[in-house]
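Working notes for the structure below.
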Amino acid sequence: MRSALVSANGQREIIDERNCTKADTAQAILGHSASAPTVGFARIMGRFQIPVVNSFATCACLSNREEFPSFFRTIPSDLHQSRALAKLVKHFSWTWVGAISNKNQYGINGITTFIQAAQEEGVCIEYYQAFEQTGPLHELAKVVESEKHSTSKVIVAFMSHREVKVLASELFRQNITGLQWVGSDAWITDDSLTDSEGHSLLVGSLGFTVSKAKIPGLEEHLRQLHPSQKPCSGFESLQTVESYFTDVSELRFTNNVYKSVYAVAHALHSLVTCEEGRGPFYNGSCADTGYIQPWQSSRVLHYLQNINFTTNQGERVTFDQNRDSPARYELVNLQHVTSRTMHVATVGVFVLHISMHLVPVSVCSESCPPGRHKVLQKRKHICCYDCIPCADGEISNITDSMECFKCPIEYWPNTRGDTCILKEIELLSYAEIMGIVLTFLCLMGAIVTTAIASVFFHFRETPIVRANNSELSFLLLFSLTLCFLCSLTFIGRPTEWSCMLRHTAFGITFVLCISCVLGKTIVVLMAFRASLPGSNMMKWFGPAQQRLSVLFFTLIQVLICTLWLTINPPYPFKNMNHYKEKIILECALGSSVWFWAVFGYIGLLAVLCFVLAFLARKLPDNFNEAKFITFSMLIFWSVWIAFIPAFVSSPGKFTVAMEIFAIIGRGRRGVPF
């Protein structure tokens with residue numbers, strides 16, 4: 001990647017007594033030989049629109065035009081090699097095979113495509129394992145164990161020669177023999193296999209590799225080289241020397257390098273021989289042949305895309321729509337491998353036509369996209385199936401999935417049904433409009449009640465306040481203020497404390513309110529009786545008795561709430577049953593018995609208060625407070641009757657909203673006192 005960036009930014013200037021070279025930006029880059037490094041720097045070079053022409057990196061991932069817009073290669077994509085290997089296995093009727101690969105994009109993509117193609121051919125995969133030469137030893141041990149205990153005798157190995165040598169050595173040490181190897185082009189013809197301790201296990205291996213070719217004039221050129229720049233006589237010759245470097249009989253990948261160089265040469269030739277008015281630049285202009293600007297590298301892409309020429313040995317060089325070369329492979333067989341030599345024999349040829357758009361489609365059923373799964377059609381071939389959407393709460397994230405998988409409890413499928421996403425959280429928040437409105441109403445109720453209490457306090461010495469039982473009135477207004485404020489505990493994310501405080505605080509404050517109203521009702525009745533001749537009823541229900549009655553009724557509610565919180569208190573709860581796609585954050589009651597006991601006791605006091613007020617409704621005008629109490633209790637019961645069905649049926653945060661509305665409605669009926 002560093003070298004590629006240097007090429008893009010301008011190479012280091014070379015200035016010495018023999019050379020004076022100005023730094024230039026590369027117009028194209030040839031290499032790298034491996035897929036993994038190529039993925040790294042080809043992605044970067046694509047941002048600069050600098051062509052990368054490769055002769056060895058075969059990973060199918062590099063065919064992605066969006067991710068690698070400037071990548072070309074003179075070697076076929078592994079997509080075709082993987083399918084060719086599947087057809088090879090099927091040809092020999094090997095329907096029960098194992099699969100291994102190295103753990104990089106080259107190996108995983110290649111073996112995944114092979115497995116998919118093999119299954120389409122009716123071949124079954126017993127196991128699939130992956131490891132890396134530099135990875136942990138337990139991964140290699142896992143591969144060896146799979147091969148040791150498997151019943152399949154054919155191994156399809158999609159990896160580099162490094163992993164093959166390590167694996168062969170380990171199998172040799174454990175004396176695991178009798179396996180038929182089927183390999184990819186990254187190792188099947190690699191001469192370094194002769195260095196492996198277990199090279200004898202590889203004899204008989206089959207695999208595909210790129211076709212070999214004879215490059216005219218290359219051998220003569222190599223043999224005419226001589227070390228003129230070294231301390232030698234200058235008469236040395238390679239004409240009679242037989243070495244690895246002068247052997248041109250097995251030029252496979254070298255031929256791809258040869259084609260890469262000529263492809264770039266043809267593109268640059270088209271660039272510099274451009275005719276004005278017919279060029280690819282603005283207004284048909286051409287590049288400045290004296291100095292090609294760096295931004296014109298993108299124009300080299302245009303010429304490379306349209307390359308179409310024939311080499312001296314008659315091989316046609318062109319690129320398809322994915323900028324890959326046409327697929328043509330030789331089927332080779334490792335017939336002899338020793339510690340020094342390896343003999344590879346060509347036993348067949350496999351040709352794939354890349355122009356896939358010209359191939360007619362002939363399938364029983366189209367592939368099922370993610371979010372659906374295959375259901376075989378009755379009394380039809382296995383290739384005929386229906387694509388059924390996954391059920392609620394299930395997904396499939398691969399094409400042609402046979403089944404769907406349930407999402408975790410807190411997740412739900414997206415609209416496409418191919419990914420599990422977190423469920424939406426629902427609660428009555430202070431930030432939403434409903435929460436803001438309810439908070440405003442609660443605070444306004446508390447403020448109005450406090451204002452009325454202030455007015456009462458200011459005129460506390462006046463006859464009208466003193467005659468209105470000021471002590472109970474102040475206590476009533478105080479309880480109403482607490483009722484409004486306790487509504488705020490229902491808003492926001494439920495916590496352990498807020499859940500315990502919600503209903504208990506409201507239950508106690510509201511009983512205090514009802515007790516005050518009940519006390520005032522009893523006072524009205526007693527006052528009327530005391531005004532009759534010969535009656536002394538008021539001495540039995542004076543201020544002390546009134547305070548004790550309010551305290552007594554309130555303590556009963558405090559006792560009920562204490563038992564509730566001690567035995568089975570409310571707690572925060574994630575309700576995942578009401579909505580399938582949402583999680584409702586609410587407070588579980590803990591014990592519904594104690595919940596209804598709290599509200600039942602409020603109802604009991606309300607009934608008693610209503611009955612007494614109803615009996616006193618026709619008293620003279622001096623005692624007309626009973627009429628207001630009767631009217632207020634009617635409002636109370638209307639709110640209560642409306643609240644119960646709404647509380648039971650309202651979903652999620654609307655249940656909480658109904659509770660707050662009911663509290664506000666009940667509280668407002670006490671304000672006129």
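- For the atom pair F484 CZ and M444 CE, the distance stands at 10.5 Å (nearest 0.5 Å).
- Dense packing is recorded around CZ of R47, with more than 12 heavy atoms of other residues, nucleotides or ligands lying under 6.0 Å away.
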*Test T113 against F158 for side chain to side chain contact (heavy atoms under 4.5 Å, CB included), laying out the working first.*
CA-CA 11 Å; T113 304; F158 216 102; over 6 Å; no
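- Counting only heavy atoms from C-beta outward, the side chains of Q116 and E120 approach each other to under 4.5 Å.
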*Test side chain to side chain contact (heavy atoms under 4.5 Å, CB included) on V39 and Y106 and set out the steps.*
CA-CA 10 Å; V39 168; Y106 167 80; over 6 Å; no
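- Between the side chain of D386 and the backbone N or O of I388, no donor-acceptor pair lies under 3.5 Å.
- Remark: SG of C420 is found under 2.5 Å from SG of C407.
- With rounding to the nearest 0.5 angstrom, the OG atom of S70 is 11.0 Å from the CD1 atom of I44.
- E586 and N575 make their closest contact through OE2-ND2, 3.0 Å (heavy atoms, listed as atom of the first residue, atom of the second, distance).
- Using a 4.5 Å cut-off on side-chain heavy atoms (C-beta onward), L475 and L512 make contact.
- Counting only heavy atoms from C-beta outward, the side chains of L488 and T439 approach each other to under 4.5 Å.
- Considering only heavy atoms from C-beta on, S515 stays 4.5 Å or farther from F552 through its side chain.
- Here the CG atom belonging to N102 is positioned 9.5 Å from the CD1 atom belonging to I111, to the nearest 0.5 angstrom.
- Interatomic distance, CG of L79 versus OG of S63, reported as 7.0 Å (0.5 Å rounding).
- Using a distance-only test at 3.5 Å, with no hydrogens or angles considered, no donor-acceptor pair links the side chain of S396 to the main chain of C404.
- Of all non-hydrogen atoms in A57 and T38, the two that sit nearest each other are CB-OG1, 3.8 Å.
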*Stepwise side chain to side chain contact (heavy atoms under 4.5 Å, CB included) check, I584 with K574*: CA-CA 6 Å; I584 302 174; K574 293 182 178 181; over 6 Å; no
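- With a 4.5 Å cut-off on side-chain heavy atoms, P570 and R502 do not count as touching.
- The closest side-chain heavy-atom distance from L376 to Y385 is below 4.5 Å.
- Each of C61, S82, S35, S101 was compared with N109 under the side chain to side chain contact (heavy atoms under 4.5 Å, CB included) criterion, and only C61 meets it.
- At distances below 3.5 Å, not a single donor-acceptor pair connects side-chain atoms of T489 with backbone N or O atoms of S498.
- In the displayed structure, Y127 atom OH is contacted under 6.0 Å by more than 12 heavy atoms of other residues, nucleotides or ligands.
- The two residues E394 and C390 have their closest heavy-atom pair at O-CB, 3.5 Å.
- For the pair T509 and T481, the minimum side-chain heavy-atom distance is 4.5 Å or more.
- Ring pair H503/F599 is perpendicular by interplanar angle, where above 60° counts as perpendicular and below 30° as parallel.
- When atom types are taken as modelled, the side chain of D78 and the backbone of A60 share no donor-acceptor pair closer than 3.5 angstrom.
- Side-chain atoms of N414 come within 3.5 Å of backbone atoms of D418 as a donor-acceptor pair (strictly under, hydrogens ignored).
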*asked:* Using side chain to side chain contact (heavy atoms under 4.5 Å, CB included), reason through C561 and I508 one step at a time and then give a plain yes or no.
replied: CA-CA 8 Å; C561 292; I508 294 171; 3.9 Å; yes
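- Atom NE2 of H138 is surrounded by more than 12 heavy atoms from other residues, nucleotides or ligands within 6.0 Å.
- The shortest non-hydrogen separation linking Y601 to Q557 is CD2-OE1, 3.7 Å.
- Here K582 contributes atom NZ and E424 contributes atom CD; the two are 5.0 Å apart, rounded to the nearest 0.5 Å.
- Few gaps surround CZ on R65; more than 12 heavy atoms of other groups in view lie less than 6.0 Å from it.
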*Report the C-alpha separation of T112 and Y128 in whole Å, then their side-chain angles, then the decisive distance to 0.1 Å, and conclude whether the side-chain hydrogen bond (donor to acceptor under 3.5 Å, both in side chains) test is met.*
CA-CA 10 Å; T112 300; Y128 164 57; 5.5 Å; no
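- Across every non-hydrogen atom of I602 and V511, the tightest pair is CG1-CG2, 3.7 Å.
- A pairwise comparison of heavy atoms in G435 and L428 identifies N-CD1, 4.0 Å as the closest pair.
- Using a 4.5 Å heavy-atom cutoff, the side chains of W412 and D392 are in contact.
- With sequence neighbours excluded, the residues satisfying salt bridge (Lys or Arg N to Asp or Glu O under 4.0 Å) with K103 are E139.
- Under a 3.5 Å cut-off, the side chain of W594 and the backbone N or O of L589 do not form any donor-acceptor pair.
- In this structure, Y411 OH and L422 CG are separated by 4.0 Å, a value rounded to the nearest 0.5 Å.
- Between F510 and F506, the ring planes lie tilted relative to each other; the angle falls in the 30° to 60° range.
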